[in-house]
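Structure, as structure tokens:
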Amino acid sequence: MMPLNLHEYEAAARERLTPTAYDYFAGGAGDEVTLRANRASFDRLALRPRVLVDVSRRSMKCDVLGADAAMPILVAPMAFQRLAHADGELAVARAAGAAHTVMVLSSLATTPMEEVVVAARPSRVWFQLYVFKDRGATRALVRRAELAGCTALVVTVDAPFLGRRERDVRNRFSLPDGVHISNLAGFGKDELPREAEGSGLAAYFEKQLDVAFTWKDLAWLRETTRLPVVVKGVLRADDARDAVAAGCQGIVVSNHGGRQLDGAVAAIDALPEVVAAVGGKVQVYLDGGIRRGTDVLKALALGANATLLGRPVLWGLAADGEDGAKRAIDLLAAELDLAMALCGCRSLAEIRRDLVVRAP
Ligand code: GLV
């Protein structure tokens, strides 16, 4: 049966994925408290719909970094998409392109970025950057993203080390033959160690990522590129202000889908302080726990310019390749459209703070 919503896509995907791949995508760090909190906090927010508004015309067109997207739903960066389906990142890029929305491509993609950028047309691809100890490799990766036609850099700042994801430790997570970290071939960084006691990805992070990277280094990064820099993984007002001061043009409020620091505040609960701190100087996006159109609406009401959808796109991909990924995005967009109509909102500008209240 065709999945009716994003939860059903997860069930469909689970039947198709190996347990190791499912656990890698689905899992969170530690006790998975933050993973659950991302969802639970959305459910604690109630909507205060406005009635008797003529909602015969509605638009969810959205400005992201000065360019149009058809919806305030971007595709979040996610590693190793060929673990979900043979077409991997290409299928997700085509789905994002067909939906006229941005795809954020992971540094840990399993497909060369140039091919992904072409597949995503007419939409745009933003490149998610992990900063490697090897600054030369980091710079080369940035340069390659520019040349490939990526239109922004999304620097993940919540992962100097990988969170301890016990599912991956138990499964001794690694990549199967034929699946590589494509964009890091040439730097000897395209494989996960297989001899690791626990998670091969955790071992890879420990060996490769720059744990000493600071706001000062972010300024270095900004100078090495002409692309706008978005910082992903901010949960506090002071960090948000530092991001603005460092010249970043966007902030993703995110706890990495509950995969990094377990016990971290739910993304939607951190959003208001970040929005207040940046005072409209840069765009603010949110990811973590988005499963319903009403979640997107709640995030926008609390001040996000757009949201990023992660795991559900992979569930669609695993269930039915490009069509599944596209349908997952479309389902969420249709739910948002209905939620807007039922809340008396004809445009994103009409999704205001007073639509949301903390449920008693
Ligand atoms: C990769 O970036 C992950 O969080 O698994």
Side-chain angles (χ1 to χ4, degrees), residues 13 17-30 32 34-35 38 74-84 88-89 92 103-111 113 116 126-133 137-138 141 145 153-176 179-184 189-193 196 198-211 213 230-235 252-262 264 267 287-290 308-315 317-318:
L17 292 169
T18 64
T20 296
Y22 174 77
D23 278 348
Y24 169 67
F25 292 133
E32 302 188 339
T34 295
L35 179 68
N38 277 346
L74 320 183
V75 178
M78 290 171 289
F80 312 138
Q81 295 181 8
R82 289 189 56 225
L83 286 184
E89 289 83 4
V92 170
M103 171 180 183
V104 189
L105 179 69
S106 172
S107 274
L108 305 182
T110 47
T111 309
M113 58 174 101
V116 176
W126 295 355
F127 186 72
Q128 176 271 333
L129 183 73
Y130 278 127
V131 177
F132 289 80
K133 288 191 176 91
T138 307
L141 203 55
L153 283 185
V154 178
V155 185
T156 300
V157 294
D158 57 12
F161 293 92
L162 201 72
R164 186 166 163 87
R165 306 167 186 174
E166 292 177 6
R167 303 194 207 200
D168 297 343
V169 174
R170 194 167 300 110
N171 296 331
R172 301 181 70 169
F173 176 75
S174 194
L175 296 177
V179 178
H180 302 282
I181 307 171
S182 304
N183 298 303
L184 286 149
K189 302 183 201 309
D190 57 336
E191 309 269 2
L192 297 188
S199 160
L201 185 58
Y204 180 91
F205 265 56
E206 205 165 321
K207 179 152 183 240
Q208 301 290 1
L209 291 214
D210 187 353
V211 295
F213 195 76
V230 174
V231 174
K232 174 170 174 283
V234 167
L235 294 168
V252 185
V253 175
S254 170
N255 52 40
H256 210 122
R259 296 159 73 79
Q260 285 300 108
L261 175 67
D262 196 33
D287 76 9
I290 300 271
L308 278 65
L309 182 66
R311 292 180 181 91
V313 178
L314 281 185
W315 304 143
L317 173 68

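Indexing begins at 1, ligand by ligand and atom by atom, following the structure's order.
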Quick one: salt bridge (charged side-chain N to carboxylate O under 4.0 Å, His left out) partners of Arg167, sequence neighbours excluded?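 Counting only residues at least two positions away or on another chain, Arg167 forms a salt bridge (charged side-chain N to carboxylate O under 4.0 Å, His left out) with Asp23, Glu32.
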
For Glu166, salt bridge (charged side-chain N to carboxylate O under 4.0 Å, His left out) partners two or more places apart: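 Scan of Glu166 (salt bridge (charged side-chain N to carboxylate O under 4.0 Å, His left out), adjacent residues dropped) gives none.
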
I want to know whether Phe173 and Tyr24 have ring centres closer than 6.0 Å.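 Phe173 vs Tyr24: aromatic centres under 6.0 Å.
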
Would a line drawn from the ring center of Phe205 to the ring center of Tyr130 be shorter than 6.0 Å?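 Aromatic pair counts; centres sit under 6.0 Å.
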
Short list, please: which atoms of ligand 1 are under 4.0 Å from a heavy atom of [X]?
X: Arg259; result: 3 (C), 4 (O), 5 (O)
X: Tyr24; result: 1 (C), 3 (C), 5 (O)
X: Leu201; result: 5 (O)
X: His256; result: 2 (O), 3 (C), 4 (O)
X: Arg165; result: 3 (C), 4 (O), 5 (O)

Between CG on residue Leu175 and CG on residue Leu201, distance to nearest 0.5 Å: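 So the CG of Leu175 and the CG of Leu201 are separated by 8.0 Å.
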
Would you please determine whether [X] falls within less than 4.0 Å of ligand 1 on a heavy-atom basis?
X: Thr156; answer: no
X: Met78; answer: no
X: Tyr130; answer: yes

Lys133, NZ atom: more than 12 neighbouring heavy atoms under 6.0 Å: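 Enclosed.
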
